[in-house]
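Predicted, not measured: the structure shown is a model, and the values here were computed from it.
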Amino acid sequence: MSSEQSAPDTGTAPRAGREPVSLAEALGSFDDLWSPRIVTAVNDYDVRVAKVEGEHLWHVHDHTDEFFLVLDGELAISLREAGGERTVVLPKGSVFTVPRGTEHKPVAPGGASLLLFEPTGTLTVGDRHEEIPDHVDATTGHALD
């Protein structure tokens, strides 16, 4: 590719590489809970921000890990692993990766703001899940307005 050519814009992350993105402004641009916005892309991964409160649902991502960074508030993630069920608690500033194939359920009783890394096209409810409650948006992420 010559220096005058550029890769086509896929529309997945409309702000990728154009201008810096303020996470505070991105989070301030929407109110929907459990409905992530794509702020940029890194290779084949979306960088998403989400506001969450209450419970998500038990679900599994069969082919990908799921990375969580708590920007504000506190998030608990219940995990069903070979050794049994456990819950990890992530206060503000904490990161955690749920390994692929691990059934998990995020919960934020007091609310939280998150940054997530997931392969582009990954559904928020995973590959297998329980019934989707009305307050959870089953999406691959929404473009940031």
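We find the NE2-CH2 distance between His104 and Trp58 to be 9.5 Å, quoted to the nearest 0.5 Å. One finds the NZ atom of Lys51 at 12.0 Å from the CG atom of Leu114 (value rounded to the nearest 0.5 Å).
Of all heavy-atom pairs spanning Asp65 and Arg100, the tightest one is OD1-N, 2.8 Å. Contact record, Ala108 with Leu75: CB-CD1, 4.1 Å, taken as the closest heavy-atom pair. When all heavy atoms are compared, the tightest approach of Phe117 to Tyr45 is C-CD2, 4.3 Å. Across every non-hydrogen atom of Asp137 and Thr124, the tightest pair is O-OG1, 2.7 Å. The minimum heavy-atom distance between Ser29 and Leu144, with the atom names listed, is OG-CD1, 3.5 Å. In plain terms, the two heavy atoms of Thr102 and Arg80 that are nearest each other are CG2-O, 3.9 Å.
Cluster membership for Leu116 and Val42, using ILVMFWY side-chain heavy atoms within less than 4.5 angstrom, is not shared. By the rule that hydrophobic residues join a cluster once side-chain heavy atoms approach within less than 4.5 Å of another member, Val136 and Val107 end up as members of separate clusters. Residues Val47 and Leu23 are members of one and the same hydrophobic cluster, defined by side-chain heavy-atom contacts under 4.5 angstrom among Ile, Leu, Val, Met, Phe, Trp and Tyr. When the side chains of ILVMFWY residues are joined at heavy-atom separations under 4.5 Å, either directly or via intervening members, Val70 and Leu27 end up in two distinct hydrophobic clusters. Cluster membership for Leu115 and Val95, using ILVMFWY side-chain heavy atoms within less than 4.5 angstrom, is shared.
The number of heavy atoms from other shown groups lying within 6.0 Å of CG (Asp31) does not exceed 12. Atom CD of Glu85 sits in a crowded spot, with more than 12 heavy atoms from other residues, nucleotides or ligands closer than 6.0 Å.
Applying the salt bridge (Lys or Arg N to Asp or Glu O under 4.0 Å) test to pairs two or more places apart or on separate chains, those with a residue in residues 104-113 are Glu55-Lys105.
Proximity of Ile38 to Pro36: side-chain heavy atoms (C-beta onward) are nowhere separated by under 4.5 Å. Side-chain contact between Phe68 and Val52 is absent, with no heavy atoms from C-beta onward closer than 4.5 Å. Within the 4.5 Å cutoff, no side-chain heavy atoms of His135 are placed close to those of Leu33. By the 4.5 Å heavy-atom criterion applied to side chains, Thr139 and Arg48 are not counted as neighbours. Contact check for Phe30 versus Val49: side-chain heavy atoms found under the 4.5 Å cut-off.
Side-chain contact of Ser113 with Asp72: a donor-acceptor pair under 3.5 Å is absent, judged by distance alone. Side-chain N/O atoms of Thr120 and Asp46 include a donor and acceptor closer than 3.5 Å. Side chains of Asp32 and His142: no donor on one and acceptor on the other come within 3.5 Å.
The backbone N or O of Glu103 sits nowhere less than 3.5 Å from a side-chain atom of Arg128 that would complete a donor-acceptor pair.
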